[in-house]
Amino acid sequence: MKGNIPRSAACFPISVVQEITSLSARQIRYYEEQGLIDPERNQGNQRLFSMNDIDRCQEIKELIDQGLNIAGIKAVLSARNKNSG
DNA sequence: GTTCTCACA
DNA sequence: TGTGAGAA
């Protein structure tokens with residue numbers, strides 16, 4: 001048994017993301033609307049965020065705080081997607 | 001507690 | 001880009 005959970009284990013509701021990302025449910029949902037994040041969904045249509053999605057939301061917030069817009073963030077996501085580091 | 005829609009600044 | 005109010 002690995003004891004530790006994978007970073008892709010989506011088991012956090014939007015309420016949890018609010019705390020760790022210090023964002024609002026509206027913003028979190030807003031980012032997903034822009035395609036900045038892609039959380040899983042429960043049978044109840046509830047969003048389930050993983051350590052990866054949560055960490056990403058923080059990155060998104062940072063970019064926006066830097067003066068970037070959805071277009072700019074999407075560019076960053078793409079840049080991070082083309083390489084691991 | 002969570003999600004969706006419409007309208008506004 | 002981010003938020004308020006109403007309904008399920």
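Here is the naming used below: chain letters follow the sequence lines, and residue numbers restart at 1 for every chain.
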[X], nearest nucleotide to its side chain (from [options]):
X	options	result
Arg26(A)	dT2(B), dT1(C), dG4(C)	dG4(C)
Ile14(A)	dT1(C), dT3(B), dT3(C)	dT3(B)
Ser15(A)	dG1(B), dC6(B), dT3(B)	dG1(B)
Asn69(A)	dT3(B), dT2(B), dT1(C)	dT1(C)
Tyr31(A)	dG1(B), dG4(C), dG2(C)	dG2(C)

Glu19(A) CD: over 12 foreign heavy atoms closer than 6.0 Å =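 Atom CD in Glu19(A) is not crowded, with 12 or fewer foreign heavy atoms closer than 6.0 Å.
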Whole-Å distance separating the [atom1] atom of [X] from the [atom2] atom of [N]:
X	N	atom1	atom2	value
Arg41(A)	dT3(B)	CZ	P	7 Å
Asn45(A)	dC4(B)	CG	P	7 Å
Glu33(A)	dT2(B)	CD	P	19 Å
Phe12(A)	dG1(B)	CZ	C1'	17 Å
Arg29(A)	dT1(C)	CZ	P	16 Å
Leu48(A)	dG1(B)	CG	P	16 Å
Gln43(A)	dG1(B)	CD	C1'	17 Å
Ile64(A)	dT3(C)	CD1	C1'	14 Å

Check each of Arg56(A), Arg47(A), Glu59(A) against Ile37(A) using the side chain to side chain contact (heavy atoms under 4.5 Å, CB included) test, and report the only one that passes.
->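 Testing Ile37(A) for a side chain to side chain contact (heavy atoms under 4.5 Å, CB included) against Arg56(A), Arg47(A), Glu59(A) leaves exactly one candidate, Arg56(A).
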Qualifying residue for side chain to side chain contact (heavy atoms under 4.5 Å, CB included) with Leu23(A), from Ile14(A), Ile28(A), Ile60(A) |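 Only match with Leu23(A) under side chain to side chain contact (heavy atoms under 4.5 Å, CB included): Ile28(A).
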Short side-chain N/O contact to dT1(C) OP1/OP2 from Gln27(A), under 4.0 Å | no
Phosphate OP1/OP2 of dT1(C): any Tyr30(A) side-chain N/O under 4.0 Å =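 The answer is yes; a side-chain N or O of Tyr30(A) sits under 4.0 Å from OP1 or OP2.
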CD/Glu33(A) to CD/Gln27(A) distance, rounded to the nearest 0.5 angstrom?
-> 14.0 Å
Over all atoms of both residues, closest heavy-atom pair of Ile20(A) and Gln58(A) | O-OE1, 2.9 Å
For Asn42(A), answer base if it contacts any base atom (sugar-phosphate contacts may also be present), sugar-phosphate if it contacts only those atoms, and nothing otherwise; contact means non-hydrogen atoms under 4.0 Å.
->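 Nothing, no heavy atom under 4.0 Å.
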Which part of the nucleic acid, if any, lies within reach of Arg47(A) when heavy atoms closer than 4.0 Å are counted: base, sugar-phosphate only, or nothing?
->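 Here Arg47(A) touches the backbone only, sparing every base.
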